[in-house]
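These notes are about the structure you will find just below.
One is the number of the first residue; the rest follow in order along the sequence.
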Amino acid sequence: MSTVLFVVTGARSWTLSDGTSHPTGYWAEELLTPYRLLTDAGHDVVFATPGGVAPVADEGSLAADEDARDALAGIEGLQAPRRLDDIDLAAFDAVFYPGGHGPMEDLASDPTSGALLAEALETDKPLALVCHGLAALLAARREDGSLTAEGRKVAAFTDEEERQGGLADKAPWLLESTLRAQGVRVEAAEPWADHLVEDGALVSGQNPQSSASVARALLSRLGA
């Protein structure tokens, strides 16, 4: 079977435009649902974060699922992830990025994550991202400074969903419009719809509701 690298935010807060910190992390469903689907199919999952810090789940995502906290605590390796700097992409069959607002804080500008994503995109390694996890694409750049994902089709957390979630007015930048401004082709569906976009080996989902669809599309690329 295959080994899938889960690159997870190490951020515990998101710095808003007024300088205040909004507590966050990864979104529980966006990690837990794909993890379950992949491991139930027999695949191995390895976790990595910037600096190898233990990631935290956004408390808002735990409030929506009473069992998520215990389920996450039982995942082997999640609390002792590998350092992104130590990752050799060639050792993995696919890569997955869950969301939460955390990636807006760290992965959007992390050079190690960016280099890993650029390599995955350039070699057509199966790559799946969901919701705010697509912020990590902003760190993946060519030598001329353009995004490696320029011209690619994706789904990502939309500006309208950010507005409905109540943080758009304080956000230092919005994911959908920032990706569009840098040449990524964002295909948006209605807010909170399960929306999947597939572009070759690149798979992406708009929001937490899309997590299972993204995982199943990744499974299909792994031959499951």
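A donor-acceptor pair under 3.5 Å is formed between the side chain of N207 and the backbone N or O of A193. A side-chain donor-acceptor contact under 3.5 Å links R221 to the backbone of G200. Side-chain N or O atoms of E161 include one that pairs as donor or acceptor with a backbone N or O of W192 at under 3.5 Å. Without hydrogens or angle criteria, S210 side chain to H195 main chain gives a donor-acceptor distance under 3.5 Å. In terms of modelled atom types and a separation under 3.5 Å, the side chain of D199 and the main chain of K153 share a donor-acceptor contact. A donor-acceptor pair under 3.5 Å is absent between the side-chain atoms of T49 and the main chain of G10, judged by distance alone. Under the 3.5 Å distance criterion, the side-chain polar atoms of Q206 are matched with a main-chain donor or acceptor of E190. A donor-acceptor distance shorter than 3.5 angstrom exists from the side chain of S204 to the backbone of A155, with no hydrogens or angles considered. When atom types are taken as modelled, the side chain of D106 and the backbone of A11 share a donor-acceptor pair closer than 3.5 angstrom.
Counting heavy atoms from C-beta outward, V4 and F92 have side chains that stay 4.5 Å or more apart. For the pair T148/E122, a side-chain contact is recorded, criterion being any heavy-atom separation below 4.5 Å from C-beta on. No side-chain heavy atom of R36 sits less than 4.5 Å from a side-chain heavy atom of T33. Annotation: side chain of S213 is in contact with side chain of D194 (closest heavy-atom distance under 4.5 Å). Residues E30 and Q209 fail the side-chain proximity criterion, which asks for heavy atoms closer than 4.5 Å. Proximity of H22 to M104: side-chain heavy atoms (C-beta onward) are nowhere separated by under 4.5 Å. Side-chain contact between P98 and V8: present, with at least one pair of heavy atoms (C-beta onward) separated by less than 4.5 Å. Between L202 and V154 there is a side-chain heavy-atom pair separated by less than 4.5 Å.
Remark: D18 CG is packed, more than 12 non-hydrogen atoms of other residues, nucleotides or ligands lying under 6.0 Å away.
Linking Ile, Leu, Val, Met, Phe, Trp and Tyr residues whenever their side-chain heavy atoms come within less than 4.5 Å places L129 and V46 in a single cluster. Both L134 and L138 are assigned to one and the same hydrophobic cluster, defined by single-linkage of ILVMFWY side chains at heavy-atom distances under 4.5 Å. Taken together through direct or relayed side-chain contacts under 4.5 Å among Ile, Leu, Val, Met, Phe, Trp and Tyr, L218 and V130 form part of one hydrophobic cluster. One hydrophobic cluster, built from ILVMFWY side chains closer than 4.5 Å, cannot hold both L107 and V45; they sit in different ones. Placement of V56 and V7 in two distinct hydrophobic clusters is found when ILVMFWY residues are connected by side-chain heavy-atom separations under 4.5 Å, directly or transitively.
Here the straight-line distance linking atom CD of E105 with atom OG of S13 works out to 5.5 Å at 0.5 Å rounding. Here the CG atom belonging to L167 is positioned 10.0 Å from the OG atom belonging to S17, to the nearest 0.5 angstrom. Separating the CZ atom in F47 from the CG atom in L31 is a distance of 5.0 Å, to the nearest 0.5 Å. F6 CZ to R82 CZ: the interatomic distance, rounded to the nearest 0.5 Å, is 15.0 Å. Summarising the geometry, atom CG belonging to D93 is positioned 10.0 Å from atom CE belonging to M1; distances are rounded to the nearest 0.5 Å. Between atom CG of residue L137 and atom CG of residue L121 there is a gap of 6.5 Å, rounded to the nearest 0.5 Å.
Smallest separation of non-hydrogen atoms from A94 and L222: CB-CD2, 3.9 Å. Across all non-hydrogen atoms, the minimal contact from L62 to A68 is CD2-CB, 4.0 Å. Contact record, T24 with W14: CG2-N, 3.7 Å, taken as the closest heavy-atom pair. Closest non-hydrogen pair, L78 versus P55, comes out as O-CD, 3.2 Å.
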For residues 179-189, tabulate all N or O donor-acceptor pairs below 3.5 Å that involve a side-chain atom, not counting sequence neighbours.
unit_1: R180; atom_1: NE; unit_2: E176; atom_2: OE2; d: 3.0
unit_1: R180; atom_1: NH1; unit_2: V186; atom_2: O; d: 3.1
unit_1: R180; atom_1: NH2; unit_2: E176; atom_2: OE2; d: 2.9
unit_1: R180; atom_1: NH2; unit_2: V186; atom_2: O; d: 2.9
unit_1: Q182; atom_1: OE1; unit_2: R141; atom_2: NH1; d: 3.1
unit_1: Q182; atom_1: OE1; unit_2: R141; atom_2: NH2; d: 2.8

Which atom pairs, one a donor and one an acceptor, fall under 3.5 Å between side chains of residues 108-118 and the rest of the protein, sequence neighbours left out?
unit_1: D110; atom_1: OD1; unit_2: T112; atom_2: N; d: 3.1
unit_1: D110; atom_1: OD1; unit_2: S113; atom_2: N; d: 2.8
unit_1: T112; atom_1: OG1; unit_2: D85; atom_2: OD1; d: 2.7
unit_1: S113; atom_1: OG; unit_2: Y97; atom_2: OH; d: 2.7

Pair L72-L32, side chain to side chain contact (heavy atoms under 4.5 Å, CB included): steps then yes or no: CA-CA 7 Å; L72 291 166; L32 188 56; 4.2 Å; yes

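Between K125 and E119 there is no salt bridge, since no side-chain nitrogen of the basic residue lies less than 4.0 Å from a carboxylate oxygen of the acidic one.
Take E59 and apply the salt bridge (charged side-chain N to carboxylate O under 4.0 Å, His left out) test, not counting sequence neighbours, and it matches R69.
Between F157 and W27, the gap from one ring centroid to the other reaches at least 6.0 Å.
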